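Have a look at the structure below before the remarks.
Because only heavy atoms are used, hydrogens play no part in the values below, and waters and symmetry mates are left out as well, while side chains stay in. For clarity, every value in this text was computed on a predicted model and none was experimentally measured.
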Amino acid sequence: MDYVAPSKVVSTMLDAGAAKAAASLRDLVIRGFLAGALLGFATSLAVTTTVQTTIPVAGALLFPVGFVMIVLLGLELVTGNFALLPMAMLDKRATLFQLLRNFGVVFSANLAGSLFYAWLLSISLTMAGSVPPDAVANKIVAIAQAKTQFPQYGLAGLLGVFVRSILCNWMVCLGVVMAMTSTSTVGKIAAAWLPILVFFAHGYEHSVVNMFVIPAGMMLGAKVTFADWWLKNQLPVTAGNFVGGFLFTGMALYFTHKPKPDAAGAQASPAPPDLAAPAPPPAPALVLVPEPPVLELLTSEPEPTSEREPSAATDSA
């Protein structure tokens with residue numbers, strides 16, 4: 001069986017958090033850049049599928065492919081790290097400086113990868129501005145504008161987006177954890193697929209997805225300003241993602257499945273002298289005395305003759 005028990009999953013989460021905290025700057029930048037680009041690929045795939053089928057859930061079914069690639073390749077997604085790094089710090093396996101360093105570097109790298117793919121996609125969809133946006137491009141424009149319109153609902157709109165961001169990263173971080181419940185590639189894919197499908201089908205707000213889809217919409221003609229992007233979506237969504245990943249996935253699993261000291265060691269400890277059972281008397285020693293060597297006495301006997309010797313007195317003829 002390739003299933004991993006929850007207590008061992010939490011141990012794996014702590015190991016992963018400690019490894020991410022100690023990762024080099026180069027690794028964080030490269031892995032974060034790739035993760036941002038791959039999530040952009042998955043988002044444009046989901047949008048394309050929705051446009052082609054007119055069935056939104058069809059896009060949600062395919063979106064997790066990008067997340068699965070990120071997990072299997074060990075890349076860096078800041079929203080997943082919102083659950084793992086605080087756990088490692090709480091367990092004294094990472095410092096506050098390492099946590100803030102990871103968050104800052106990976107967030108910036110995710111943004112760079114998302115922007116890079118958004119730029120390439122805008123060139124692809126419009127032939128570098130030579131043709132008007134197609135149906136997929138128009139859908140991306142509509143999504144970018146919709147994601148920055150919540151202030152029209154006032155404080156209730158801000159609260160709604162914040163809650164949708166919490167719910168989103170609750171599922172995204174659960175996808176990271178579910179991938180650790182199996183030791184096989186197929187098992188990891190199937191387990192991680194489920195919560196990612198849930199978040200995308202609900203239309204929740206994900207910070208790194210929005211790093212791609214809003215700038216891509218702006219490049220394709222969406223009426224969204226830089227301030228709209230950051231003040232009306234990116235910053236509140238990132239804050240909500242942190243709460244969802246840190247509190248409802250990382251801390252919840254850590255406190256209920258935190259590795260406990262091995263009870264076997266306590267049972268094996270010797271009992272106090274006054275409570276210890278008296279030691280049994282030693283068994284009598286059995287001394288084996290070697291027998292004296294046996295000396296064989298060899299007697300020489302005449303060899304038997306095969307023929308009778310002739311008699312001393314012979315008969316006369």
Side-chain angles (χ1 to χ4, degrees), residues 33-70 77-79 107 109-152 157 160-161 164-165 168-169 171-172 196-238 240-241:
F33 182 91
L34 293 175
L38 290 177
L39 213 59
F41 272 101
T43 305
S44 63
L45 170 66
V47 173
T48 302
T49 305
T50 300
V51 169
Q52 292 174 345
T53 63
T54 68
I55 303 174
V57 74
L61 282 168
L62 295 181
F63 173 78
V65 297
F67 181 82
V68 165
M69 288 188 285
I70 290 170
L77 197 63
V78 69
T79 47
F107 183 92
N110 288 164
L111 176 61
S114 300
L115 289 174
F116 181 69
Y117 177 69
W119 174 62
L120 294 179
L121 183 67
S122 67
I123 295 174
S124 171
L125 293 177
T126 64
M127 295 299 175
S130 301
V131 298
D134 62 2
V136 173
N138 288 329
K139 183 65 175 178
I140 292 175
V141 169
I143 293 173
Q145 293 178 165
K147 284 182 174 291
T148 55
Q149 295 304 311
F150 74 87
Q152 63 181 314
V161 168
R164 288 166 67 180
S165 307
C168 169
N169 213 36
M171 290 292 101
V172 171
I196 306 305
L197 166 62
V198 170
F199 115 70
F200 201 86
H202 278 87
Y204 293 149
E205 296 287 336
H206 188 264
S207 176
V208 182
V209 168
N210 293 352
M211 288 178 186
F212 157 74
V213 73
I214 296 178
M218 295 166 64
M219 295 175 191
L220 292 167
K223 293 178 175 56
V224 177
T225 66
F226 185 84
D228 291 336
W229 169 23
W230 282 89
L231 298 180
K232 296 179 181 180
N233 185 282
Q234 196 67 56
L235 292 178
V237 167
T238 302
N241 284 170

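Considering only heavy atoms from C-beta on, I196 comes within 4.5 Å of F63 through its side chain. Within the 4.5 Å cutoff, the side chain of F107 has heavy atoms near those of the S207 side chain. S44 places a side-chain heavy atom less than 4.5 Å from the side chain of F212. Taking the side chain as every heavy atom from C-beta outward, L77 and F67 approach each other to under 4.5 Å. Using a 4.5 Å heavy-atom cutoff, the side chains of V208 and S114 are in contact. Using a 4.5 Å heavy-atom cutoff, the side chains of L121 and I140 are in contact.
Between the side chain of S124 and the backbone N or O of L120, no donor-acceptor pair lies under 3.5 Å. Panel note: side chain D134, backbone A137; a donor-acceptor pair is recorded below 3.5 Å. Between the N241 side chain and the T238 main chain, no donor and acceptor come within less than 3.5 Å of each other. Under the 3.5 Å distance criterion, the side-chain polar atoms of N233 are matched with a main-chain donor or acceptor of K147.
Aromatic ring centres of F116 and F33: separated by under 6.0 Å.
Note: Y117 OH to L34 CG = 14.0 Å, rounded to the nearest 0.5 Å. For the atom pair CD of Q145 and CE of M218, the computed distance is 11.0 Å after rounding to the nearest 0.5 Å. Rounded to the nearest 0.5 angstrom, I123 CD1 and T126 OG1 are separated by 7.5 Å. Interatomic distance, CE of M211 versus CG of L111, reported as 5.5 Å (0.5 Å rounding). Considering CG of L62 and OG1 of T49, their distance stands at 4.5 Å, rounded to 0.5 Å. The NE2 atom of H202 sits 9.0 Å away from the CE atom of M171 when rounded to the nearest 0.5 Å.
Residue H206 comes nearest to C168 through the heavy atom pair CB-SG, 3.4 Å, listed as atom of the first residue, atom of the second, then distance. Contact detail for A144 and V213: the closest heavy-atom pair is CB-O, 3.8 Å. Nearest approach of M219 to L115, heavy atoms of both residues: CE-O, 4.1 Å. The nearest pair of heavy atoms linking T50 to G59 is OG1-CA, 3.8 Å. When all heavy atoms of N110 and V78 are compared, the pair lying nearest together is OD1-N, 3.0 Å. When all heavy atoms are compared, the tightest approach of V161 to E205 is CG1-CG, 4.3 Å.
The environment of W230 atom CH2 is dense: over 12 non-hydrogen atoms of other residues, nucleotides or ligands sit within 6.0 angstrom.
Relative ring orientation between W229 and F226 is described as perpendicular, the plane-to-plane angle rising above 60° on a 0-90° scale split at 30° and 60°.
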